[in-house]
Structure formats: structure tokens, C-alpha cells
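A short worksheet on the structure shown next.
Order of the sequence lines fixes the chain letters, A, B, ..., with proteins taken first and strands second; residue numbering starts at 1 for each chain. Values below: all heavy atoms of this structure, side chains included; hydrogens, waters and symmetry mates excluded. All of these numbers come straight from a predicted model, not from anything done at the bench.
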Number of protein chains: 2
Amino acid sequence: MDEVDRSIVAVLEADGRISNAELAARVGLSPSPCLRRVRRLEETGVIRGYRAVLDPAAVGRGLRVFAGVRLVRHGRADVVAFERAVVRLPGVVQCHHVTGDYDYLLHVEVADLPAYEDFHANRLAGLPSVAAVTSYVTMKTLSAGSR
Amino acid sequence: MDEVDRSIVAVLEADGRISNAELAARVGLSPSPCLRRVRRLEETGVIRGYRAVLDPAAVGRGLRVFAGVRLVRHGRADVVAFERAVVRLPGVVQCHHVTGDYDYLLHVEVADLPAYEDFHANRLAGLPSVAAVTSYVTMKTLSAGSR
DNA sequence: AATGAAAGGAATCCCCC
DNA sequence: GGGGGATTCCTTTCATT
């Protein structure tokens, strides 16, 4: 990871579909060594993949909610069971194991408030060991620059 | 947005750098109409862009924290000043205006805990109208499938 | 709207520096 | 590690159905 590699990942983070030819020009290389560096960054896991960024509302994920979850018990079996189950729930984007007032902070995206009510009452509350759920419903999201 | 469009965005969300030729094959079209559909999805804003997904630790963002922020005052000027300033802070990925115990939930990514201490004490606490900050430090993140 | 052909461009590989 | 050039594949456009 030298300066050129850092430039490459910065450009690809902002535009993941840029052509190798233009990427090379932007970082001051010719296409051959540029492509070699990109492949190496992919192989070593610095670049994990590429994704299209979608309009949430257009694909049925217009409501974003963060849900703080506390568990009743914290034995290994309880934790494993919860973690396995929660990432399989439709609408769960990420599940963060956090310090603080909650055990987990869930990033959830669903169509609308009725869909979240269903998620909350019929999916999440029924998971093993879930003691309490606190929901933070997103009204607006501001993004920082290129991300 | 018909079924084919939904397939296209699903494939591109999982692999944003797939070639148009292979994308076409996967959704059962020939390349020409497939490309036209992708362009239309981009122009109408359903596809907002493409990004490389990076290993956070490899690019100096090894620590993810969610910070619940309460403001002292909620007048329009206070809110606007806070929102303008917070997204400019280095490390702030997204700023969610939420319902519940906090006014905002910040998604922050920094190098490590000392960097977060600096962010918390020297950047965030000094913003206009910030009354209190509650930090949820992520120890582990589980992702749901393709996202 | 989809197809298919054709031109132009890009990705990729090999070899040299 | 970087560069140049050849090959192959892809992208893109346009005429056609």
C-alpha cells in the first residue's frame, strides 16, 4: 500500500465502474501496471468487491431504522443463535455488536412503517434471547461526500 | 421497473463491475437492450453510482462507532448549522436524523480508539448546539448476504 | 422494445526495460 | 515495478423486426 495504491482505492471507492484506462490516467500510470495493482488489491482483500449504489425507495427499502437490541442472556450459545438468526431476517442490512446500552445495533431497511411494524413484532421480537428493542426511525440521512 | 430491471439492479448490487455482456446473459437479454436498460436506470436515479467496497482496516478506518447526538436547541438555524458542520467532520460516514432518544445517529469510521477520542472531544463536542453524545463502539459487524 | 452486425475502444497478457 | 504492443473481448450504435 503505497501512495499510488491509496489513490487507486480512493478513485475506485468514488467510481467503481471507471475504466482501467481512465483509472491509470488519473493515478499517473499506464494501464498495464495499473491493472496489476488493482488485481493485487483485490487478491489481498483491500478491495472486497464492487457494488451498485441504489435509490432505496426505488427498490422497496424506503425506510431505514436502527434498532438497539438487548439480549436476556449472554451465554455463547445464546449469542451464536441470535447472531445466526438475525442476519437472515429480511431487511437486516448489518448487525453491529456494540458497547454501551445495547448489545447489538441493527441497521434495518424495509419498505415503510407498516413493514417495520411487522419486522419488529413478528420477526425481531421472536428471536432467541431478545429482551428489548429500541427503534430509531430515520427521517433523513446526510452522507459525507463520496460515500 | 419490471422484473428484468429488478434482476439487473440485484445483479449490479452484488457485482458492480460485471461486464454488460455477462449481465445480459444473467438476466436473459442480449447486450444491447441490457445496456439500454442500465443507462435508463442510471439516468432515472435508480442506480446512483458504483463503488468499490474496501477493507476498512486496510484504509485506516478500522474502528466503527455509532454516536447518538442530542442538540441543545432545535431552531432551524441551529439544525442547519449542525447538519452542515457534521458531514464535514473527517470520519463521519453518514448522519441520520432519527426519532427516539437522540436527534441524530452518526455513523463514524476512524483508525482506532485514540482517533475516536480525538474525534469525540475535539471535533464533535465542539459543534454548534451539541448537548450530549452517546457512543456505541462496534466490536464486530455481521453483514446480511450480498450487502 | 429486442435483435444482430459492425466499428471502435478497452482489458488483458507477454515480453522488454 | 513500469511500459509498449498484440490479441481478444466488450461496448456501443444503428438498421431491422
Side-chain angles (χ1 to χ4, degrees), chain A residues 1-62 109 111-112 143 145-147, chain B residues 1-62 90 93 109 111-112 143 145-147:
Chain A
M1 280 293 278
D2 59 5
E3 269 311 309
V4 177
D5 282 346
R6 274 185 279 274
S7 299
I8 287 173
V9 297
V11 172
L12 287 175
E13 188 172 32
D15 181 2
R17 270 210 110 149
I18 192 174
S19 73
N20 180 61
E22 193 183 335
L23 173 62
R26 290 234 212 139
V27 303
L29 284 178
S30 61
S32 300
C34 185
L35 184 62
R36 253 182 313 193
R37 280 171 177 267
V38 171
R39 291 287 176 266
R40 196 170 52 79
L41 290 165
E42 290 167 351
E43 280 157 19
T44 59
V46 175
I47 297 173
R48 290 184 171 173
Y50 302 89
R51 305 216 184 108
V53 180
L54 307 178
D55 175 8
V59 293
R61 306 197 288 247
E109 289 182 7
D112 52 24
S143 282
S146 64
R147 280 182 292 176
Chain B
M1 281 292 280
D2 59 6
E3 268 312 309
V4 177
D5 283 345
R6 272 185 280 275
S7 299
I8 286 173
V9 297
V11 171
L12 287 175
E13 188 173 33
D15 181 2
R17 271 210 107 149
I18 191 174
S19 74
N20 180 63
E22 192 183 333
L23 174 62
R26 290 234 213 139
V27 303
L29 284 179
S30 58
S32 301
C34 184
L35 184 64
R36 250 183 301 141
R37 280 170 179 266
V38 171
R39 291 285 175 266
R40 195 167 53 77
L41 291 165
E42 290 167 351
E43 280 157 19
T44 58
V46 175
I47 296 174
R48 290 183 170 174
Y50 302 88
R51 302 213 186 115
V53 180
L54 307 179
D55 174 8
V59 294
R61 305 196 289 245
V93 177
E109 290 181 7
D112 50 25
S143 283
S146 65
R147 278 184 295 177

- request: Give the nucleotide from the list C:dT3, C:dT12, D:dG2 with an atom nearest to the side chain of B:Ser30.
  value: C:dT3

- prompt: Taking A:Arg6 for the side chain and B:Val59 for the main chain, is one N or O donor matched with an acceptor at less than 3.5 Å?
  reply: no

query: Can you tell me how far C1' of C:dA1 sits from CD of B:Glu3, to the nearest Å?
result: 17 Å

message: I want to verify a distance call: between D:dG5, C:dT12, D:dT11, whose nearest atom is closest to the A:Ser32 side chain?
response: D:dG5

field: Whole angstrom value for the distance that separates P of D:dC10 from CD1 of B:Ile18
entry: 11 Å

message: Working note: A:Val53 + B:Ile47, criterion side-chain contact (heavy atoms from CB on, under 4.5 Å); need CA distance, chi angles, decisive distance, verdict.
response: CA-CA 6 Å; A:Val53 180; B:Ile47 296 174; over 6 Å; no

field: Sidechain N-carboxylate O distance under 4.0 Å for B:Arg39, B:Glu42
entry: yes

- prompt: Could you state the CZ-C1' distance from A:Arg36 to C:dC17, rounded to the nearest angstrom?
  reply: 12 Å

task: Look at A:Glu43 together with A:Arg40 and state whether they make a salt bridge at an N to O cut-off of under 4.0 Å.
output: no

task: Could you state the atom-to-atom distance from CG of A:Asp5 to P of D:dG2 in whole Å?
output: 9 Å

field: Nucleotide nearest B:Arg37 when distance is taken to its side chain, options C:dA2, D:dT11, C:dT12
entry: C:dA2

message: Whole angstroms only, please: what is the CZ-P distance between B:Arg40 and C:dA2?
response: 9 Å

Integer-rounded Å distance: C:dA10 C1' and A:Glu22 CD: 12 Å

Nearest-Å distance for atom pair CG/P, residues A:Leu35 and C:dC14: 13 Å

- request: State which of D:dT11, D:dT12, C:dT12 makes the closest approach to the side chain of B:Arg39.
  value: D:dT12

field: Candidates D:dG2, D:dT11, C:dA10 - which lies nearest the side chain of A:Ser19
entry: C:dA10

query: Just how far is it from atom CZ of A:Arg17 to atom CG of B:Asn20, taken to the nearest 0.5 Å?
result: 7.0 Å

field: DNA chain D: 5'-proximal contact among A:Pro31 and B:Pro31 (nearest heavy atom)
entry: A:Pro31

- line: Rounded to whole Å, the CG-P distance (A:Asn20 to C:dA11) equals 5 Å

